[in-house]
Amino acid sequence: MNVVVCVKQTPDSAAKIAVENGQVTWDAGLVLNPWDEYAVEEAIRLKEKHGGKATALCLGPESAKEALKTCVAMGCDEAILIADPVLDGSDALATAYVLALAIQKVGAVDVALFGKQAIDGDTGLVPIAVARRLGWAPLTYTVQIAEIDAGAKTIKALRTLEQGKQVVTAKLPAVVGTVKEINEPRYPSFMGIRKAAKANIAVWKAADLGADAARVGTAGSAVRWPSIYPLPAREGAVELLDGSPEEAAAKLADKLIAEKVI
Amino acid sequence: MATKLWVFIEQFKGVIAPASLEALGAARTLGGGVTGLLFGQGVGDLAQSVIAHGADEVLVADDASLADFRVEAYAALLVKLAREHAPALLLAGATTAGRDLFGAAAVDLEAGCLADAVGVKLVGGVVQAVRPVYAGKLLADVTFASGGKPQLVTLRPRAFPKPEPDAGRTGTVTSVAPALAEDAIGVKVLDYVIEQGQVSLADAKIIVSGGRGVGGAEGFGPVRDLAQTLGGAMGASRAAVDAGWIPYAHQVGQTGKTVAPDLYIAAGISGSIQHQAGMRSSKVIVAVNKDPEAPIFKVARYGVVGDLFKILPALTAEFKKRLGK
């Protein structure tokens, strides 16, 4: 069973995010995108259960090697960084195009795993777009891989939707988009961290993937982001309601009824 | 010729998703002819409701292969229709189905897709949208590069008002055939596991959430009582979910659900950056917390400093009285 997990490096979820001169800044380090931890854990579990190899793939700058090292420290066998200035400015669909090519280059992949979305761009489009590009079974929002039959090349999974959980089967290869409930990601072990420190992370360029230059980077992206800015501050300070619990409750009820939210 | 605006009408077991009706309302404000795309099995009767909520035309595909939302079948049909009719703009709710459908269709159409818009307008035929990024800590203005391609946009649930139905509206209903035969669809749906009485947090008008301050699984009792009295849904902070007091499905915040109810009551929740990211676009926020310094009071409009185990039951009793329950 060959598994690929696609990850992104993002600012830490606890970071204060600000905008300075049109550039997004943050006051904490870069980490493995929190949603991707579940995908990495699931990749390692699949490998442990079915044998084979788990490869982490990341599109990003040279610094994103740190996120890949986290994947290796958790238990991935290999890590590959796709780094190329021509890819700068790629939107979700251009990113998916590049990742689909990279998954094909890895070769003989049975399952490609993804986190639900990245906590910076927040589009959640990449997993489905990769599935569509590859023509693989699109199992997004997967909360449980119930069964994989490696011989028959089939998968049974539970997907979490707004209405509840959906039980589906499909043929491999599949794209599995994970959600948080799927597992409890492990912490990197001491041995894992040592292994990651020495890991040789391959770097692929757009040309290595045979990517069409017209389909990547800003030129190959349909979506433009003319400006980015902080949320307007919420108006006014909090109004504290005092008195006994009953008095405070009565005052609050008056307010909420006047606000027409009840 | 009027701008062609298409809206994907998502339905589950014959009930139209509120986000689809909101998208119809948003389409109506943009000026143009609005077409609803209604796919499913036995869904023809819903077409009139789609018209009443703002469509001029409904394309109905009624087939067993479309009974469940499966992105392969739905995207194939959407793409086929879009190639035939060349809509300028396609809208859907940013639900799991809407996001998957538009992400897949955009690949086939070599078009762009904007996810999760909270504001949208058309300027010279080009979409200009606003969407939250960095887990709702920032907003971005987003638009499409020129190109005459369809523009696909999903709209965040509850970010746009739901239009009032007008039973007097008229429109045309046209049947269309599915694009894929059943044996060409790889994914088979076996079953659904649906919790009874589950309220979708994304669609909820009122949410009462509990955090670390509730102290344990039983501590959610008063939270649940208040939510039920108000006809709302129950939410939770990550701390409460990680402690195992309540299932993840209830988690509001950066690695949970993003919600925007009319009323959000946070009980025993300190209000971390990550929690705020998931709820700060709520219309009215109420904080109940022992600690007057808790960050939640910075985003709340109303606050009660005190013991949630006294204040929530008092609120429940007060609302039962006021609502005549």
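This structure is a prediction, so every number in the text was calculated from the model and none was measured. Sequence lines set the chain letters: A, B, ... in the order given, protein chains first and strands last, and positions in each chain run from 1. Just so it is clear, the values below take in all heavy atoms, side chains as well, and ignore hydrogens, waters and symmetry mates.
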Nearest atoms (heavy-atom pairs only) where B:I273 meets A:K16: CD1-CG, 3.9 Å
Residues of residues 177-187 of chain A with any heavy atom under 4.5 Å of a heavy atom in chain B: A:K180, A:E181
Greatest number of heavy atom pairs closer than 4.5 Å to chain B - which of A:K171, A:K255, A:K156: A:K255
Pick from B:Y192, B:F319, B:F69 with the largest number of heavy-atom pairs that fall under 4.5 Å of chain A: B:Y192
Toward chain A, the part of B:Q128 with a non-hydrogen atom under 4.5 Å: neither
Interface moiety of B:R322 toward chain A, non-hydrogen atoms closer than 4.5 Å: side chain
Given A:I128, A:L125, A:V223, the one that forms side chain to side chain contact (heavy atoms under 4.5 Å, CB included) with B:C113: A:L125
Residue among A:V19, A:L241, A:T169 with most heavy-atom pairs under 4.5 Å to chain B: A:T169
Interface moiety of A:A237 toward chain B, non-hydrogen atoms closer than 4.5 Å: backbone
Check: A:D122 side chain, B:A135 main-chain N or O, donor-acceptor pair, under 3.5 Å: yes
A:P34, part contacting chain B, at a heavy-atom distance under 4.5 Å: side chain
Sorted by number, residues from residues 90-103 of chain A in contact with chain B (heavy atoms, under 4.5 Å): A:L93
Closest-packed option against chain A by number of heavy-atom pairs under 4.5 Å, given B:D307, B:V107, B:L230, B:I206: B:V107
Heavy-atom side-chain proximity of B:R131 to A:T123 below 4.5 angstrom: yes
Residues that A:P245 engages under side-chain contact (heavy atoms from CB on, under 4.5 Å), provided they are two or more places apart: B:K310, B:I311, B:A314
Where A:S13 and B:Q274 come nearest, the two heavy atoms and their spacing: OG-NE2, 3.3 Å
Residue selection (most heavy-atom pairs with chain A, distance under 4.5 Å) from B:V284, B:T255, B:D108: B:T255
Flag, side chain of B:R301 to backbone of A:G236, donor-acceptor distance under 3.5 Å: no
Distance in Å, B:D262 CG paired with A:K260 NZ, rounded so as to fall on 0.5 Å steps: 12.5 Å
Heavy-atom neighbours of A:K251 NZ exceed 12 at 6.0 Å: yes
Portion of B:V241 that has a non-hydrogen atom of chain A nearer than 4.5 angstrom: neither
Lys/Arg N to Asp/Glu carboxylate O, A:R215 vs B:E110, below 4.0 Å: yes
Contacting region of B:A287 [heavy-atom separation from chain A under 4.5 Å]: neither
Pairwise side-chain contact, B:V193 with A:V167, heavy-atom cut-off 4.5 Å (strictly under): yes
Which atoms of A:W35 approach chain B - backbone, side chain, both or neither, heavy atom under 4.5 Å: side chain
Selection from A:S227, A:A129, A:A170 maximising heavy-atom pairs under 4.5 Å formed with chain B: A:S227
Most chain B-contacting option - heavy-atom pairs closer than 4.5 Å, from A:L158, A:T160, A:V24, A:I257: A:V24
Interatomic spacing from NZ in B:K137 to CG in A:L231 - rounded to 0.5 Å: 11.5 Å
Nearest atoms (heavy-atom pairs only) where A:A253 meets B:E318: CB-CG, 3.7 Å
Max heavy-atom pair count under 4.5 Å with chain B, selected residue of A:A248, A:P11, A:A18, A:A15: A:A15
Heavy-atom pair count under 4.5 Å with chain A, highest-scoring of B:D116, B:L101, B:V71: B:V71
Side chain / backbone / both / neither for B:V286 at chain A, heavy atoms under 4.5 Å: side chain
Which atoms of B:Q276 approach chain A - backbone, side chain, both or neither, heavy atom under 4.5 Å: neither
Side-chain heavy atoms of A:Y229 within contact of B:D141, under 4.5 Å: yes
Donor-acceptor contact below 3.5 Å, side chain A:Q163 vs main chain B:I194: no
CD1-CG distance between B:I265 and A:L256, expressed to the nearest 0.5 angstrom: 6.0 Å
Rounded distance (nearest 0.5 Å) linking atom CD1 of A:I262 with atom CG of B:L323: 7.0 Å
Closest non-hydrogen atom pair between B:T143 and A:P226, with its separation: CG2-CG, 3.9 Å
Value rounded to 0.5 Å, distance of CG in B:L190 from CD in A:Q166: 9.0 Å
Distance, nearest 0.5 Å, that separates CZ of A:R224 from CZ of B:F144: 11.0 Å
Residue part contacting chain B, namely of A:S221, when any heavy atom lies under 4.5 Å: backbone
Exercise answer: donor-acceptor pairs, residues 134-142 of chain A side-chain atoms, under 3.5 Å, sequence neighbours excluded:
from: A:T140; atom 1: OG1; to: A:R159; atom 2: NH2; distance (Å): 2.9
from: A:T140; atom 1: OG1; to: B:D100; atom 2: OD2; distance (Å): 2.4
from: A:T142; atom 1: OG1; to: A:L139; atom 2: O; distance (Å): 2.8

Chain A contact via B:T229 - side chain, backbone, both or neither, heavy atoms under 4.5 Å: neither
Chain B contact via A:A157 - side chain, backbone, both or neither, heavy atoms under 4.5 Å: neither
For the student: nearest non-hydrogen atoms of A:W225 and B:A140, plus distance: CE3-CB, 3.7 Å
Contacting moiety of B:L315, where chain A heavy atoms sit under 4.5 Å: both
Within 6.0 Å of NZ in B:K188, more than 12 heavy atoms from elsewhere: yes
Interface moiety of A:D254 toward chain B, non-hydrogen atoms closer than 4.5 Å: both
